[in-house]
Amino acid sequence: MQHQKILILDFGSQVTQLIARRVREANVYCEVHPCDVNDDWVRAYAADGNLKGVILSGSHASVYEVDDKAPDSVFALGVPVLGICYGMQTMAQQLGGKVEGGSTREFGYAEVRARGHTELLKGIEDFHTPEGHGMLKVWMSHGDKVTELPTGFKLMASTDSCPIAGMADEERRFYGVQFHPEVTHTVQGKALLDRFVLEICGTRPDWVMRDHIAEAVESIRKQVGDEEVILGLSGGVDSSVAAALIHRAIGDQLTCVFVDHGLLRLNEGDMVMDMFAGKLHAKVIRVDASDLFLGELAGVTDPEQKRKIIGRLFVDVFKAEAEKLKANGQGNKGATFLAQGTIYPDVIESGGAKSKKAVTIKSHHNVGGLPEQLGLKLLEPLRDLFKDEVRELGVALGLPHDMVYRHPFPGPGLGVRILGEVKKEYADLLRRADAIFIEELRSHIDKNSGKSWYDLTSQAFTVFLPVKSVGVMGDGRTYDYVVALRAVQTSDFMTADWAELPYSLLKKVSSRIINEVRGINRVTYDVSSKPPATIEWE
Ligand SMILES: Nc1ncnc2c1ncn2[C@@H]1O[C@H](COP(=O)(O)OP(=O)(O)OP(=O)(O)O)[C@@H](O)[C@H]1O
Ligand SMILES: O=c1[nH]c(=O)c2[nH+]cn([C@@H]3O[C@H](COP(=O)(O)O)[C@@H](O)[C@H]3O)c2[nH]1
Ligand SMILES: NC(=O)CC[C@H](N)C(=O)O
Ligand SMILES: [Mg+2]
């Protein structure tokens, strides 16, 4: 089935993904593409008639400094266009208006007054002033402003310091807002985007997870035919959901390879095997490669070097398993496809025009280089989905709730949570400390929300610090290792706040770790946000 869709052109804003999230939440399919796609691309993209509207994102740049423009064809498609912040500014400039650098900058909360009556803001006000004007509580982040409306536009909204905070050409259905409707701080932001997407663009809300399973199953069958697929299964959310979906489509033509690199969490290996072999009846090969990984990591202390070694060993193991599959005597012909749990944020991050300019903070282990080296074709059934859509899909496929709502776990595992040199002794201590932390997070329920602290945090784990400190236990002196607890709250993992865990919880965890894990005598809590820190320590 062909879905109607909204095109989001990304000018490099930090929050472009949120626009996509909000549109998807309205059950409308959308895609984010870099702003520098050309006119031919836009026309081809719209050729099947399913493109119902375009949204132009914000940017850190200024329209008078860079020449990032929307392809002109966007304004000639006959579909509605919404410009947000920089998106509004470039729309204004491209259509004959004027944009200038302002002397006052607006960051954060602002109140915007609706002007006149426009279709976009119809029925969308947070409150009315005594004079009867509609006001919106919004989030702003800009220094430049539109100072002259382009021909055909009328004023839609303003603030004290930004007289043109919204503009509309109702004839052509072009709208611009200086504020950010995609962030939750803009109280009616979701309502405004819903109105644009559903009413102004008239899009059919047909993006529903239930239907997606049937469509995905059909397309996997078509793509794979009677060939065979291997999939790197980590037990994490993405690869597990990909495995369940592909298994539903092609059954035994799928073989999952689960690599135990000796850097997994406590009992993780058995849990993953149990679930896949036991409940889903999928073929899973468990490869015990801990000696290989720990052997190659011995003596290596540099984080980037550790990541590269782990990435390379993953490739080696997959390669060896793909070969073995041909000769296993069970009628396998050998895999021609490699399946991956790549999700939409991975696609945007690696393909976005903007992110190519970004510096490498850490080389995320990735299997992106795999297919070429292995001579395999790629199968990525989740590449259009956001994480929470993947989770919804997992539940719909019958995966247990606990598995689907697990915190993400990085491929290099404890390898990046043991600072410096990785040793089995350290990994064993860390596994036990981490298991205690997670157990307590799960059992501590927050009274206000009724949720466990595991569910209230996005990711939580323990980090092993290879330093010793002095302690006293049972009147004796100890000289043992230190661990740090890390718990963060984030929606996209690009930025994160450290979680304000209750002291009672921290107290319990600390006392249990020190009492139960001999070899650790000190526990600290990491109170750094991202940025400037990162979530993992390496
Ligand atoms: N131990 C492992 N064995 C086999 N494949 C792995 C392993 N760890 C990671 N991978 C592969 O690397 C991919 C990327 O890992 P990543 O952690 O980003 O995703 P995930 O584990 O599927 O989900 P989550 O983000 O919830 O942890 C996985 O989808 C999987 O294919
Ligand atoms: O699959 C992965 N392979 C990796 O190499 C990797 N490194 C970091 N992470 C995860 O990415 C998110 C952001 O982490 P950082 O703030 O530490 O960069 C967090 O969720 C991290 O756990 C990884 N995931
Ligand atoms: N967030 C934005 O899109 C900002 C646009 C532009 N850089 C400004 O300061 O106005
Ligand atoms: Mg993972």
Side-chain angles (χ1 to χ4, degrees), residues 11-16 56-66 83-90 99-102 105-107 140-146 162 178-180 230-243 256-264 268-269 272 284-287 289 293 303 306-307 310-311 314 317-318 321 338-343 345-346 361-368 370 380 382 387 390-391 394 403-413 415-417 458-459 461 486 488 490 492-496 530-531 533-538:
F11 289 85
S13 156
Q14 296 289 321
V15 287
T16 302
L56 312 176
S57 85
S59 163
H60 51 270
S62 292
V63 290
Y64 47 81
E65 275 172 7
V66 298
I84 296 174
C85 203
Y86 181 99
M88 158 168 162
Q89 295 165 1
T90 191
V99 178
E100 287 172 76
R105 312 200 303 166
E106 285 180 298
F107 284 106
M140 291 271 209
S141 170
H142 74 119
D144 306 332
K145 50 191 167 196
V146 175
C162 182
Q178 187 55 65
F179 55 89
H180 288 267
I230 58 166
L231 174 141
L233 181 70
S234 69
V237 180
D238 310 334
S239 56
S240 298
V241 173
C256 303
V257 180
F258 170 55
V259 182
D260 182 345
H261 47 22
L263 300 166
L264 298 171
E268 181 147 35
V272 171
V284 186
I285 300 175
R286 176 178 183 166
V287 185
F293 278 78
K306 283 162 65 179
R307 283 173 170 276
I310 294 171
F314 264 120
V317 173
F318 285 141
E321 290 308 313
L338 175 82
Q340 304 197 110
T342 311
I343 65 173
D346 306 339
I361 307 294
K362 2 185 132 169
S363 321
H364 280 215
H365 103 282
N366 77 54
V367 281
L370 262 176
E380 298 182 318
L382 309 179
K387 190 93 176 183
V390 170
R391 289 191 156 130
M403 140 74 44
V404 169
Y405 285 89
R406 302 180 87 185
H407 293 171
F409 183 65
V416 293
R417 294 179 178 175
S458 316
Q459 198 170 11
F461 51 89
R486 179 78 164 139
V488 296
T490 169
D492 54 14
F493 297 88
M494 307 292 283
T495 63
K530 172 184 181 177
T534 55
I535 297 174
E536 303 286 350
W537 279 38
E538 281 196 345

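Read the numbers this way: they start at 1 and go in the same order the structure lists the ligands and their atoms. Any value given below was found using the heavy atoms of this structure, including those in side chains, with hydrogens, waters and symmetry copies removed.
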Straight-line distance of Ile230 CD1 to Glu321 CD, nearest 0.5 Å | 8.0 Å

Structural part of His60 in contact with ligand 3, heavy atom criterion under 4.0 angstrom = backbone

Which heavy atom in Val416 sits nearest to a heavy atom in Pro410, and how many Å separate them?
-> CG2-CG, 4.2 Å

Can you check whether Phe314's main-chain N or O pairs, donor with acceptor, with His261's side chain at less than 3.5 Å?
-> no

Contact region, Gln89 to ligand 3, non-hydrogen atoms below 4.0 Å, reads side chain

Evaluate the ring planes of Tyr86 and Phe11, with Trp represented by its six-membered ring, and classify them as parallel (under 30°), tilted (30 to 60°) or perpendicular (over 60°).
-> tilted

At a 4.0 Å threshold, what atoms of ligand 2 neighbour a non-hydrogen atom of Lys530?
-> 13 (C), 15 (P), 16 (O), 18 (O)

Does some side-chain heavy atom of Gln178 sit less than 4.5 Å from a side-chain heavy atom of Gln89?
-> yes

Proximal candidate to atom 5 (N) of ligand 1 [heavy atom criterion; set Gly232, Gly413, Gly311] | Gly232

Backbone or side-chain N or O of Pro408 under 3.5 Å from ligand 2 N or O | no

Side chain to side chain contact (heavy atoms under 4.5 Å, CB included) partners for Thr342, two or more places apart | Gln340, Asp346, Val347, Glu380

The protein heavy atom nearest to atom 2 (C) of ligand 3 is Cys85 SG, 2.7 Å

Could I get the full list of side chain to side chain donor-acceptor pair (under 3.5 Å) partners for Thr495, not counting sequence neighbours?
-> none

Please name the pair of heavy atoms, one in Gly101 and one in Asp144, separated by the smallest distance, quoted to 0.1 Å.
-> CA-OD1, 3.5 Å

Contact (N/O only, under 3.5 Å) between Gly58 and ligand 3 = no

Quick one: CG on Leu338 to CZ on Phe318, what's the gap to the nearest 0.5 Å?
-> 7.0 Å

Could you tell me which non-hydrogen atom of Glu268 sits nearest to which non-hydrogen atom of Phe409, and how far apart they are?
-> OE1-CE2, 3.9 Å

From Arg417 atom CZ to Arg486 atom CZ, the distance as rounded to the nearest 0.5 Å | 11.0 Å

Check whether any side-chain heavy atom of Thr490 sits under 4.5 Å from a side-chain heavy atom of Gln459, and report yes or no.
-> no

Answer with yes or no whether Lys387 contacts ligand 1, where contact means a heavy atom under 4.0 Å from a ligand atom.
-> yes

Do ligand 1 and Ser240 have nitrogen or oxygen atoms that lie under 3.5 Å from each other?
-> no

Do any N/O atoms on Phe409 end up under 3.5 angstrom from N/O atoms on ligand 2?
-> no

Classify the contact between Tyr405 and ligand 1 as side chain, backbone, both or neither, using a heavy-atom distance cut-off of under 4.0 Å.
-> neither

Can you tell which part of Pro412 has a heavy atom less than 4.0 Å from ligand 2: side chain, backbone, both or neither?
-> side chain

What pair of heavy atoms forms the shortest contact from Gly143 to Arg105, and how long is it?
-> CA-CG, 4.1 Å

Ranked by distance from atom 7 (N) of ligand 3, the top protein heavy atom is Ala61 O, 2.5 Å

Is there a nitrogen or oxygen of Val237 sitting under 3.5 Å from a nitrogen or oxygen of ligand 1?
-> yes

What atoms of ligand 1 come within less than 4.0 Å of a heavy atom belonging to Phe318?
-> 4 (C), 5 (N)

Could you tell me the residue and atom name of the protein heavy atom closest to atom 5 (C) of ligand 3, and the distance to it rounded to 0.1 Å?
-> Ser59 O, 3.4 Å

Those atoms of ligand 2 less than 4.0 Å from some heavy atom in Gly411 | 1 (O), 2 (C), 3 (N)

Do ligand 1 and Val259 have nitrogen or oxygen atoms that lie under 3.5 Å from each other?
-> yes

From CD1 (Ile84) to OG (Ser13), nearest 0.5 Å | 8.5 Å

Under 3.5 Å: N/O of His142 near N/O of ligand 3 = no

Relative to the heavy atoms of Phe409, which atoms of ligand 1 are at a distance of less than 4.0 Å?
-> 17 (O), 27 (O)

Pair Ser239, Ser234: side-chain N/O donor-acceptor within cut-off below 3.5 Å | yes

Are the side chain of Arg406 and the backbone N or O of Gly235 linked by a donor-acceptor pair below 3.5 Å?
-> yes

For Ser141, take its heavy atoms, then give the atoms of ligand 3 lying under 4.0 Å from any of them.
-> 1 (N), 2 (C), 4 (C)

Just which atoms of ligand 1 are under 4.0 Å from any heavy atom in Leu233?
-> 2 (C), 3 (N), 4 (C), 5 (N)

Does Asp238 reach ligand 1 with a nitrogen or oxygen that is under 3.5 Å from one of the ligand's nitrogen or oxygen atoms?
-> yes

What protein heavy atom sits nearest atom 9 (O) of ligand 3, and how far off is it?
-> Gly143 N, 2.8 Å

Heavy-atom contacts with His180 under 4.0 Å: which atoms of ligand 3 show up? List them by number with element.
-> 1 (N)

So between Glu536, His407, Gln459, Arg307, whose heavy atom ends up nearest atom 19 (C) of ligand 2?
-> Gln459

When you check the gap from the basic side-chain N to the acidic O, do Arg307 and Glu536 get nearer than 4.0 Å?
-> no

Looking at ligand 1, does any of its N/O atoms fall within less than 3.5 Å of an N/O of Phe258?
-> no

Counting from 1 in the order shown, the ligand 1 atoms closer than 4.0 Å to a non-hydrogen atom of Val257 are 4 (C)

Ligand 2 atoms in contact with Thr534 (distance to a heavy atom under 4.0 Å) | 15 (P), 16 (O), 17 (O)

